Structure formats: structure tokens, C-alpha cells
Amino acid sequence: MLAAVVIVGIAAEITYLSTARIVQADREAELLFRGQAYSRAIASYYKVNRSYPRNLDDLLVDPHSPSRRHIRALYQDPMADEPGQGWLLIRSFDGGIGGVASRADGKPIKTANFPVNLNKFNGAKTYSEWVFEYVPQPPATASRPGG
């Protein structure tokens with residue numbers, strides 16, 4: 001009887017650990033989705049207004065055009081330790097919001113094989129190192145023949 005109780009306990013622990021890992025992986029996938037949504041929204045805002053948004057609400061309703069939206073909803077950080085804990089805002093050179101990052105200091109399961117635009121996340125030790133930002137590319141200069 002004691003052996004059966006031990007086996008059931010071990011099985012329960014294994015089930016708990018695998019479930020916790022699946023939940024964490026799902027939250028990581030959601031962090032990647034939400035972070036990229038913010039990055040795309042900031043890029044959209046910047047391309048239209050030639051400046052960065054001053055707050056996240058500007059992505060939801062562009063103050064320069066009330067009918068323009070850059071993001072569907074203001075997403076919460078799925079890795080936040082506490083409900084309502086906001087994103088870490090990455091400030092741009094002009095003081096606006098250039099990106100977002102999680103405030104969570106947990107160790108990611110995913111440490112490699114990110115999409116090409118997120119290769120900088122390879123080897124990150126914490127979720128807070130996953131910085132989703134928009135950095136405008138300098139305009140291409142036309143080269144002159146013979147020069």
C-alpha cells in the first residue's frame with residue numbers, strides 16, 4: 001500500500017511539473033505575440049507621425065487622427081508577477097515610447113530559434129531581456145556612378 005502511495009505521489013509531481021512547463025511555454029508564446037504587436041504598432045505610429053507615441057494609449061487612438069488605431073487593444077504583460085503590473089517602457093531618443101519589455105525576471109524556456117527579427121533574444125537569461133522595440137532604419141542613400 002505504501003508503495004502505491006509513493007508511486008501516485010511521484011506521478012502527481014511529474015504531472016504538475018509538466019503542466020507548469022506547458023503553462024509557462026504558452027505564456028512565453030503570448031509574450032512574443034503581444035510584444036511584437038506593440039513593436040508593429042509603434043512602427044506604424046512612427047511612420048505616420050514621424051515621432052514616437054508619448055504613452056501606450058496613443059497607439060489605441062492616435063491623437064493626430066482619432067479614427068486611426070495602431071493596435072487593436074492595450075495588452076497586459078503575460079509574464080507579469082502581479083496582475084496589473086505594467087510593461088517596462090523603453091524610451092526613444094525623443095522621449096517617446098520606442099518599445100516595451102516585460103518586467104518579469106524569470107528564466108525563459110525558449111532561448112533559441114527565434115524568428116529572424118527576434119534573433120537578439122537568443123541566449124536571454126530573463127524575460128526582461130526580450131525587448132520589443134522599433135528602431136527606424138536610416139534612409140538609403142543613392143550611390144552615384146563613378147563615386
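These figures come from a predicted structure and were not determined experimentally.
Here the closest non-hydrogen pair linking S102 and W87 is N-CE3, 4.0 Å. When all heavy atoms are compared, the tightest approach of Y52 to V135 is OH-CA, 4.2 Å. In plain terms, the two heavy atoms of K125 and P108 that are nearest each other are O-CD, 3.4 Å. When every heavy atom of S92 is checked against every heavy atom of I97, the shortest pair comes out as OG-N, 4.4 Å.
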**OP:** Check the pair F114 / K120 against side chain to side chain contact (heavy atoms under 4.5 Å, CB included), numbers first and verdict last.
**Re:** CA-CA 9 Å; F114 288 94; K120 62 186 177 181; over 6 Å; no

Original post:
Could you go step by step and tell me if I109 and E28 meet the side chain to side chain contact (heavy atoms under 4.5 Å, CB included) rule?
Top reply: CA-CA 8 Å; I109 295 172; E28 283 184 7; 3.4 Å; yes

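P115 pairs by the side-chain contact (heavy atoms from CB on, under 4.5 Å) definition with N117, L118, not counting sequence neighbours. Shown here are the salt bridge (charged side-chain N to carboxylate O under 4.0 Å, His left out) partners of E30, two or more places apart in sequence or in another chain: R34. When the salt bridge (charged side-chain N to carboxylate O under 4.0 Å, His left out) test is applied to R68, the partners found at least two apart in sequence or on another chain are D62. Under the rule for a salt bridge (charged side-chain N to carboxylate O under 4.0 Å, His left out), R91 has no partner lying at least two apart in sequence or in another chain.
Using a 4.0 Å cut-off between charged nitrogen and carboxylate oxygen, D77 and R27 do not count as a salt-bridge pair.
Hydrophobic clustering keeps F33 apart from V23 (ILVMFWY residues linked when any side-chain heavy atoms are closer than 4.5 Å, directly or through intermediates). Both L89 and F132 are assigned to one and the same hydrophobic cluster, defined by single-linkage of ILVMFWY side chains at heavy-atom distances under 4.5 Å. A single hydrophobic cluster is seen to contain both L56 and Y45, as judged by linkage of ILVMFWY side chains at heavy-atom distances under 4.5 Å, directly or through other members.
For residues 103-113, there are no side-chain hydrogen bond (donor to acceptor under 3.5 Å, both in side chains) pairs, not counting sequence neighbours.
Atom-to-atom distance recorded for R72:CZ and L60:CG is 12.0 Å, nearest 0.5 angstrom. In this structure, OG on S51 lies 8.0 Å from OH on Y46, to the nearest 0.5 angstrom.
By the 4.5 Å heavy-atom criterion applied to side chains, I90 and V100 are not counted as neighbours.
In this structure, D94 contributes its side chain and G96 its backbone to a donor-acceptor pair below 3.5 Å. Formation of a donor-acceptor pair under 3.5 Å by the N55 side chain with backbone atoms of D58 is found in this model.
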Between side-chain atoms of residues 35-44 and protein atoms elsewhere (two or more places apart, or another chain), which donor-acceptor pairs fall under 3.5 Å?
{"unit_1": "Q36", "atom_1": "NE2", "unit_2": "L32", "atom_2": "O", "d": "3.1"}
{"unit_1": "Y38", "atom_1": "OH", "unit_2": "Y75", "atom_2": "N", "d": "2.9"}
{"unit_1": "Y38", "atom_1": "OH", "unit_2": "Y75", "atom_2": "O", "d": "3.0"}
{"unit_1": "S39", "atom_1": "OG", "unit_2": "E133", "atom_2": "O", "d": "3.3"}
{"unit_1": "S44", "atom_1": "OG", "unit_2": "H70", "atom_2": "ND1", "d": "2.8"}

